[in-house]
K.L.:
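A single structure is presented below for examination.
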Amino acid sequence: ELVAKLAKAKFFSIQADGSTDAGRIDDELFLVLFLDPHSEDGVVHVHDKFLTVRRPKHCNADGLYRCFERGLVFVGINDWRTKLVGFGCDGTSVNIASGGVRGFLEESVPWVVVFWCYAHRVELALKDAFKDTLLSTVDEMLLRLYYLYEKSPKKCRELDDVISALKSCLEP
């Protein structure tokens, strides 16, 4: 149904973000934003929909761009170069720099507008605003806890055991 709606759409934008799972495997998530002027109620609707998750072979600019291309073709959007008008991503140089994904996109789709995702910008702005406050201390502590458990399945199992023991103590 989504591909059929995108086939009717005159243009769309893609938002991309990466994630690393517990096994340290990178995945790239793609969302699509488009207008649907062909709705049953006669109103033009704006849709922001999940498109696909793909695994890049490499997390450099070429690898992420190829992952993006494969993702669109995988879901059946072969004419994406004629309809893509925007691409949102985080502000890392692999995405935003002229030698990054942005450069590859602008080469194949000269009119595309590549933009730094507002949610990522707000996150960085808040981090700067709360610098040297109690919140930054809590943030640092949580980050250290994350790194303590991230790379140790044994520590994660032990933490699960502690949580189970605490639950059994607290349950009536």
K.L.:
Let me see the working for Val32 and Asp48 under side chain to side chain contact (heavy atoms under 4.5 Å, CB included), right down to the final yes or no.
P.N.:
CA-CA 6 Å; Val32 62; Asp48 194 5; over 6 Å; no

K.L.:
Give a yes or no on whether a salt bridge exists between Arg102 and Glu106, defined as a side-chain N under 4.0 angstrom from a carboxylate O.
P.N.:
yes

K.L.:
Could you measure the distance from the CD atom of Gln15 to the SG atom of Cys117? Nearest 0.5 Å is fine.
P.N.:
6.5 Å

K.L.:
Please tell me whether Leu124 and Leu126 are part of a single hydrophobic cluster in this structure, the criterion being side-chain heavy atoms less than 4.5 Å apart.
P.N.:
no

K.L.:
More than 12 heavy atoms of other residues, nucleotides or ligands under 6.0 Å from NE2 of His45: yes or no?
P.N.:
yes

K.L.:
With a 4.0 Å cut-off on N to O distance, would you call Glu150 and Arg144 a salt bridge?
P.N.:
no

K.L.:
In Å and rounded to the nearest 0.5 Å, what is the CD to CG distance from Glu1 to Leu6?
P.N.:
10.5 Å

K.L.:
Determine whether Val113 and Phe87 fall in the same hydrophobic cluster, where Ile, Leu, Val, Met, Phe, Trp and Tyr are linked whenever their side-chain heavy atoms lie under 4.5 Å apart.
P.N.:
no

K.L.:
How close do Leu84 and Val109 get, counting heavy atoms only, and between which atoms?
P.N.:
O-CG1, 3.6 Å

K.L.:
Give me each pair satisfying ring pair (Phe, Tyr, Trp, His ring centres under 6.0 Å) with a member in residues 90-122, each pair once, sequence neighbours excluded.
P.N.:
Tyr65-Phe104

K.L.:
Check for me whether the distance between the ring centres of Phe50 and Phe30 falls short of 6.0 Å.
P.N.:
no

K.L.:
Looking at side-chain heavy atoms only, is the closest gap between Asp132 and Thr137 below 4.5 Å?
P.N.:
no

K.L.:
Return the NZ to CG distance between Lys8 and Asp36, rounded to the nearest 0.5 Å.
P.N.:
7.5 Å

K.L.:
Let me check something: do Phe12 and Phe74 share a hydrophobic cluster, defined by ILVMFWY side-chain heavy atoms less than 4.5 Å apart, either directly or through other members?
P.N.:
yes

K.L.:
Tell me whether the centres of the aromatic rings in Trp80 and Phe68 are closer together than 6.0 Å.
P.N.:
yes

K.L.:
Do side-chain atoms of Ser152 reach the backbone of Tyr149 as a donor and acceptor pair under 3.5 angstrom?
P.N.:
no

K.L.:
Going by heavy atoms in the side chains, are Lys49 and Leu31 under 4.5 Å from each other?
P.N.:
no

K.L.:
Answer whether the closest heavy-atom distance between the side chains of Phe34 and Leu2 falls below 4.5 Å.
P.N.:
yes

K.L.:
Nearest 0.5 Å please: distance from the CG atom of Asp27 over to the CG atom of Asp17.
P.N.:
11.5 Å

K.L.:
Are Leu33 and Leu29 linked, directly or through other ILVMFWY residues, by side chains that come within less than 4.5 angstrom of each other?
P.N.:
no

K.L.:
Rounded to the nearest 0.5 Å, what's the gap from NZ on Lys127 to CG on Leu135? Could you check?
P.N.:
11.0 Å

K.L.:
For a quick test of reading the model, state the closest non-hydrogen atom pair linking Cys89 to Ile96 and the distance between them.
P.N.:
SG-CD1, 3.7 Å

K.L.:
With distance as the sole test, does Lys83 use its side chain to make a donor-acceptor pair with the main-chain N or O of Ala7 at under 3.5 Å?
P.N.:
yes

K.L.:
Are more than 12 heavy atoms from other residues, nucleotides or ligands located less than 6.0 Å from atom CD of Glu140?
P.N.:
yes

K.L.:
What's the shortest heavy-atom distance between Ala61 and Gly100, and which atoms?
P.N.:
CB-CA, 3.5 Å

K.L.:
Quick one: do Asp62 and Arg66 make a salt bridge, cutoff under 4.0 Å?
P.N.:
yes

K.L.:
Does a donor on one side chain sit under 3.5 Å from an acceptor on the other, for Ser136 and Asp139?
P.N.:
no

K.L.:
State whether the side chain of Asp79 and the backbone N or O of Thr82 hold a donor-acceptor pair below 3.5 Å, judged by distance alone.
P.N.:
no

K.L.:
Transitively linked via ILVMFWY side-chain contacts under 4.5 Å: Val46 with Phe11?
P.N.:
yes

K.L.:
Pro56 and Glu28: which non-hydrogen atoms are nearest, and at how many Å?
P.N.:
CD-N, 4.1 Å

K.L.:
Where do Val3 and Val75 come nearest, in terms of heavy atoms and distance?
P.N.:
CG2-O, 2.9 Å

K.L.:
For side chain to side chain contact (heavy atoms under 4.5 Å, CB included), just list the numbers for Arg81 and Glu69, CA-CA rounded to whole Å, side-chain angles, deciding distance to a tenth of an Å, and then say yes or no.
P.N.:
CA-CA 10 Å; Arg81 284 182 180 84; Glu69 282 184 315; 2.5 Å; yes

K.L.:
How long is the span from the CG atom in Asp26 to the OG atom in Ser19, to the nearest 0.5 Å?
P.N.:
8.0 Å

